[in-house]
Amino acid sequence: QVQLVESGGGLVQAGGSLRLSCAVSGGRFSMGWFRQAPGKEREFVASITWTITSNTQYADSVKGRFTISRDNAKNTVYLQMNSLTPEDTAVYYCAARRPFSERYEYWGQGTQVTVSS
């Protein structure tokens, strides 16, 4: 009964910021953020492991602008997005995987992020 619920999407101007949240229930996992723009394939954005070190990884396109973090007490993962550009416009999804697994087994419903020029 694993559930992932994203929130925090919206419409912002270029150069603005948004913080996405993903509330997780039913377990504790390593987490990832993905996005899919209209007519394009889903792409990896960022990930964070369920370890005491909370190792993070970012796509080159967002490195230096986005920050992934987690609050273990709340079992929630965040994606802080700064210096947004229209190219960041997409539906953003959070996903969960078990430690040492390469497959993201559980997915949220997605939240729309739109960045205007």
Side-chain angles (χ1 to χ4, degrees):
Q1 299 182 17
V2 177
Q3 293 184 351
L4 282 64
V5 181
E6 302 101 330
S7 62
L11 174 64
V12 298
Q13 293 183 333
S17 299
L18 282 175
R19 189 181 76 159
L20 306 183
S21 299
C22 178
V24 183
S25 62
R28 297 188 182 275
F29 308 89
S30 293
M31 302 295 299
W33 285 99
F34 296 78
R35 66 186 183 185
Q36 186 169 22
K40 298 183 179 180
E41 296 182 352
R42 184 182 63 195
E43 65 176 348
F44 169 81
V45 176
S47 65
I48 185 167
T49 58
W50 184 45
T51 64
I52 60 174
T53 56
S54 295
N55 296 327
T56 58
Q57 185 176 3
Y58 298 92
D60 289 339
S61 59
V62 306
K63 192 174 300 181
R65 300 187 298 122
F66 290 11
T67 302
I68 188 171
S69 62
R70 68 188 306 156
D71 186 330
N72 290 334
K74 298 179 179 179
N75 204 10
T76 300
V77 64
Y78 305 95
L79 184 68
Q80 179 66 46
M81 305 184 295
N82 299 326
S83 301
L84 287 164
T85 73
E87 288 69 40
D88 296 315
T89 295
V91 177
Y92 284 71
Y93 300 89
C94 66
R97 65 174 176 85
R98 302 180 187 277
F100 309 109
S101 175
E102 296 181 351
R103 180 171 67 91
Y104 285 90
E105 186 174 358
Y106 306 101
W107 295 82
Q109 82 286 355
T111 185
Q112 176 71 46
V113 172
T114 303
V115 184
S116 62
S117 301

For this session: Ignoring hydrogens and angles, tell me if any N or O in the side chain of T89 forms a donor-acceptor pair with the backbone of V115 under 3.5 Å.
Result: yes

For this session: Over all heavy atoms of both residues, which pair between Q109 and V5 is shortest? Give the atoms and the distance, please.
Result: OE1-CA, 3.7 Å

Exercise. Can you say whether the rings of F34 and F44 are parallel (under 30°), tilted (30 to 60°) or perpendicular (over 60°)?
Worked result: perpendicular

Problem set entry | Whether D71 side chain and T76 backbone form a donor-acceptor pair below 3.5 Å | no

Problem set entry | R97 NZ/CZ over Y104 ring centroid, <6.0 Å and within 45° of normal | yes

Exercise. Any idea which heavy atoms bring R65 and D88 closest together, and the distance?
Worked result: NH1-OD2, 2.8 Å

Problem set entry | Side-chain donor/acceptor of S30 to backbone N/O of W50, under 3.5 Å | yes

Exercise. Roughly how far apart are Q80 CD and F66 CZ, rounded to 0.5 Å?
Worked result: 9.5 Å

Problem set entry | Minimum side-chain heavy-atom gap V62-R35 below 4.5 Å | yes

Exercise. Hey, any chance V45 and V91 share a hydrophobic cluster, counting ILVMFWY side chains that come within less than 4.5 Å of each other, even indirectly?
Worked result: no

Problem set entry | Minimum-distance pair of heavy atoms, taken over all atoms of P86 and S117 | CG-OG, 3.7 Å

Problem set entry | Rounded distance (nearest 0.5 Å) linking atom CG of L79 with atom OH of Y92 | 7.5 Å

Exercise. Do you reckon Y106 sits in the same ILVMFWY cluster as Y78, going by side-chain contacts under 4.5 Å, direct or chained?
Worked result: no

Problem set entry | Between CZ on residue R19 and CE on residue M81, distance to nearest 0.5 Å | 11.5 Å

Problem set entry | Closest contact, heavy atoms only, I68 versus M31 | CD1-O, 4.3 Å

Problem set entry | Backbone of N55 reached by a side-chain donor or acceptor of T49 within 3.5 Å | yes

Problem set entry | Test item: E6 side-chain N/O and C94 main-chain N/O as donor-acceptor pair under 3.5 Å | yes

For this session: Specify the closest pair of heavy atoms between W33 and S21, including all atoms of both residues, with the distance to one decimal.
Result: CH2-O, 3.8 Å

Exercise. So R98 and F29, side-chain contact (heavy atoms from CB on, under 4.5 Å) or not? Walk me through it.
Worked result: CA-CA 5 Å; R98 302 180 187 277; F29 308 89; 4.3 Å; yes

